[in-house]
Asks: 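Can you read through this structure? Questions will come right after.
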Amino acid sequence: MTTYPFSAYLYRLKHIKRWSLMRSTMTENVAEHSYHVSLLSHLLCTIGNELYGKSLNADRAAALALFHDAPEVFTGDIPTPVKHHNEALLSNFRLIEQMGAQRLTAMVPEPLQAVYAPLIGTTEPNEEDRQLHAYVKAADRIDAYLKCAWEVAAGNREFAVAKLQTEEKLAESAMPEVEYFLKHLAPAFEMTLDELSAQIGEEAQRPEIR
């Protein structure tokens, strides 16, 4: 009987920590980041469809986002300042990342590879996926921004510069969906639970600690 370790490797993304050079009040791993980016990608596409008259495949975007960092199970999460230090280093990292994607795809049972190869990134994306990758990239940056905003709101100045830099990158995207999210949804991430409850008109209740 042939055993395929594809899923078992993906489950190990929870052991890959993000923001390794930064002092965080709460650690974050690649598995939870992938879930967040998947959620945000679906949301950005839905905003585009419902508010701006677009025809984006939100479900497909969510699937692409779910696998967007899958090769990091082999490469680890390389901090942005490191891999963007110079073009040669970035080029080499992209090559290693592609090798990781190919290795992961080889672990998929052959009858399933046609489905998962495009999600992992070992085949050339079609026109629809290429368009959706822009939304996944925007969602990836939004998740980084939310992490920074959360840390700064908690009094951790370690993320102050990163927050400003990420804000600038998001502004450069010039995507109305991103602007809508940042204006109407992002501010809630800096609220406490009591403030969130008050926001929807509910009395904040917490369990009594005995």
Asks: Taking atom NZ of Lys163 and atom CH2 of Trp150, what is their separation to the nearest 0.5 Å?
Replies: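 If I round to the nearest 0.5 Å, the distance is 14.0 Å.
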
Asks: Just verifying a value: how many Å separate Leu40 CG and Leu146 CG, rounded to the nearest 0.5 Å?
Replies: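 Rounded to the nearest 0.5 Å, the CG-CG separation comes to 6.5 Å.
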
Asks: Examine distances only and state if a side-chain atom of Ser24 and a backbone atom of Thr27 form a donor-acceptor pair shorter than 3.5 Å.
Replies: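 No, Ser24 side chain to Thr27 backbone: no donor-acceptor pair under 3.5 Å.
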
Asks: Among Lys147, Arg18, Lys14, find the one that has a salt bridge (charged side-chain N to carboxylate O under 4.0 Å, His left out) with Glu28.
Replies: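 When Lys147, Arg18, Lys14 are each tested with Glu28, the salt bridge (charged side-chain N to carboxylate O under 4.0 Å, His left out) holds only for Arg18.
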
Asks: Check step by step if side-chain contact (heavy atoms from CB on, under 4.5 Å) holds for Gln131 and Leu56.
Replies: CA-CA 9 Å; Gln131 180 186 30; Leu56 302 165; 3.7 Å; yes

Asks: Please check this pair: side chain of Thr166 against backbone of Tyr145, looking for a donor-acceptor N/O pair closer than 3.5 Å.
Replies: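 No, because the side chain of Thr166 does not come within donor-acceptor range (under 3.5 Å) of the backbone of Tyr145.
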
Asks: Do Glu179 and Leu170 come within less than 4.5 Å of each other through their side chains, counting heavy atoms only?
Replies: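 Side-chain contact under 4.5 Å: no.
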
Asks: For Val136 versus Ala61, what's the shortest heavy-atom pair and its separation?
Replies: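 What the structure gives for the nearest pair is CG2-O, 3.8 Å.
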
Asks: Around atom OH of Tyr52, are there more than 12 heavy atoms from other residues, nucleotides or ligands closer than 6.0 Å?
Replies: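 For Tyr52, atom OH is crowded (more than 12 foreign heavy atoms under 6.0 Å).
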
Asks: Answer with yes or no whether the side chains of His15 and Asn29 bring together a donor and an acceptor at under 3.5 Å.
Replies: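 No, no side-chain donor-acceptor contact under 3.5 Å.
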
Asks: Yes or no on side-chain contact (heavy atoms from CB on, under 4.5 Å) for Leu132 and Cys45, after CA distance, side-chain angles and deciding distance?
Replies: CA-CA 8 Å; Leu132 293 175; Cys45 288; 4.0 Å; yes

Asks: As an exercise, state the distance from OG of Ser173 to NZ of Lys137, rounded to the nearest 0.5 Å.
Replies: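 So the OG of Ser173 and the NZ of Lys137 are separated by 10.0 Å.
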
Asks: Work out which heavy atom in Arg60 is nearest to a heavy atom in Pro118; give both atom names and the distance.
Replies: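 Minimum heavy-atom separation between Arg60 and Pro118: NH2-CB, 3.8 Å.
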
Asks: Donor-acceptor check, side chain of Glu195 to backbone of Thr192, threshold 3.5 angstrom: yes or no?
Replies: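 Checking the backbone N and O of Thr192 against the side chain of Glu195, a donor-acceptor pair under 3.5 Å is found.
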
Asks: Check whether Gln113 reaches the backbone of Val108 with its side chain - one donor and one acceptor, N or O, closer than 3.5 Å.
Replies: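 Between the backbone of Val108 and the side chain of Gln113 there is a qualifying donor-acceptor contact (under 3.5 Å).
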
Asks: Crowded around Met99 CE? As in, over 12 foreign heavy atoms under 6.0 Å?
Replies: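 No, not enclosed.
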
Asks: Should we count NZ of Lys54 as having more than 12 external heavy atoms under 6.0 Å?
Replies: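 Correct, the count exceeds 12.
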
Asks: Taking a hydrophobic cluster as the set of Ile, Leu, Val, Met, Phe, Trp and Tyr residues connected by side-chain heavy atoms closer than 4.5 Å, whether directly or through intermediates, do Val115 and Leu66 fall within one such cluster?
Replies: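 Yes: a chain of side-chain contacts under 4.5 Å links Val115 to Leu66.
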
Asks: Can you tell me if Arg130 has over 12 outside heavy atoms packed within less than 6.0 Å of its CZ?
Replies: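 Result for CZ/Arg130: enclosed.
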
Asks: ring-ring contact (aromatic ring centres under 6.0 Å, His included) with Phe67: which of Tyr35, Tyr116, Tyr9?
Replies: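 It is Tyr116; the other options fail the test.
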
Asks: Between Tyr135 and Met175, does the side-chain contact (heavy atoms from CB on, under 4.5 Å) criterion hold? Intermediate values first, please.
Replies: CA-CA 9 Å; Tyr135 286 84; Met175 296 173 68; 3.4 Å; yes

Asks: Is any side-chain heavy atom of Leu43 closer than 4.5 Å to one of Phe181?
Replies: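 Answer yes - side chains close enough.
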
Asks: Measuring from atom CZ of Arg157 to atom CD of Glu151, what distance do you get when rounded to the nearest 0.5 angstrom?
Replies: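 Reported value, rounded in 0.5 Å steps: 12.5 Å.
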
Asks: Using the rule that Ile, Leu, Val, Met, Phe, Trp and Tyr join whenever any side-chain heavy atoms are under 4.5 Å apart, tell me whether Ile16 and Val37 fall into a single cluster.
Replies: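 Yes, Ile16 and Val37 fall within the same hydrophobic cluster.
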
Asks: Assigning hydrophobic clusters by single linkage (Ile, Leu, Val, Met, Phe, Trp, Tyr; side-chain heavy-atom cutoff under 4.5 Å), is Tyr4 placed with Leu119?
Replies: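 The answer is no; the residues belong to distinct hydrophobic clusters.
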
Asks: Do Leu44 and Ile142 have side chains that approach each other closer than 4.5 Å (heavy atoms only, starting at C-beta)?
Replies: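 Leu44 vs Ile142: side chains touch.
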
Asks: So do the side chains of Cys148 and Trp19 get within less than 4.5 Å of each other, counting heavy atoms only?
Replies: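 A side-chain contact exists here, since the closest heavy-atom pair is under 4.5 Å.
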
Asks: Under the 3.5 angstrom rule, does the side chain of Asp143 hit a backbone N or O of His36 as a donor-acceptor pair?
Replies: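 Pair absent, no side-chain N/O of Asp143 close to backbone of His36.
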
Asks: Check for a donor-acceptor pair, side chain of Ser41 on one end and backbone N or O of Ala139 on the other, with a separation under 3.5 Å.
Replies: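 Checked: no pair found.
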
Asks: Please report the shortest heavy-atom distance between Ala58 and Thr46, naming the atom on each side.
Replies: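 In this case the closest contact between Ala58 and Thr46 is CB-OG1, 4.0 Å.
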
Asks: Verify the distance criterion only: is there a donor paired with an acceptor across the side chains of Gln102 and Thr122 at less than 3.5 Å?
Replies: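 Checked: Gln102/Thr122 side chains show no N/O donor-acceptor pair below 3.5 Å.
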
Asks: Is it true that atom CZ of Phe6 has more than 12 heavy atoms of other residues, nucleotides or ligands lying nearer than 6.0 Å?
Replies: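 Yes, CZ of Phe6 has more than 12 neighbouring heavy atoms, counting only those of other groups under 6.0 Å.
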
Asks: Looking only at non-hydrogen atoms, find the nearest pair between Ala188 and Leu196 and report the distance.
Replies: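 Heavy atoms of Ala188 and Leu196 come nearest at O-CD2, 3.5 Å.
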
Asks: Checking His68 side chain against Ala65 main chain: does a donor-acceptor pair fall under 3.5 Å?
Replies: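 Looks like yes, one N/O pair under 3.5 Å.
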
Asks: Rounded to the nearest 0.5 Å, what separates atom CD in Glu72 from atom CG in Leu13?
Replies: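 One gets 8.0 Å once the value is rounded to the nearest 0.5 Å.
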
Asks: Under 4.5 Å between side-chain heavy atoms, hopping through other hydrophobics if needed: is there a path connecting Met22 to Val161?
Replies: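 They do not share one cluster, since no chain of ILVMFWY contacts under 4.5 Å joins Met22 to Val161.
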
Asks: Where the side chain of Asp69 meets the backbone of Ser34, is there a donor-acceptor pair that is under 3.5 Å apart?
Replies: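 Answer holds: no.
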
Asks: Taking C-beta and beyond as the side chain, do Leu10 and Val73 meet within less than 4.5 Å on heavy atoms?
Replies: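 Sidechains of Val73 and Leu10: no contact.
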
Asks: Please determine whether residues Ile96 and Val30 belong to a single hydrophobic cluster, defined as Ile, Leu, Val, Met, Phe, Trp and Tyr linked transitively by side-chain heavy-atom distances below 4.5 Å.
Replies: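 No, Ile96 does not connect to Val30 through the hydrophobic network.
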
Asks: Calculate, to the nearest 0.5 Å, the distance between atoms OG1 and CG belonging to Thr123 and Asp129 respectively.
Replies: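 So the gap between those two atoms works out to 8.0 Å.
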
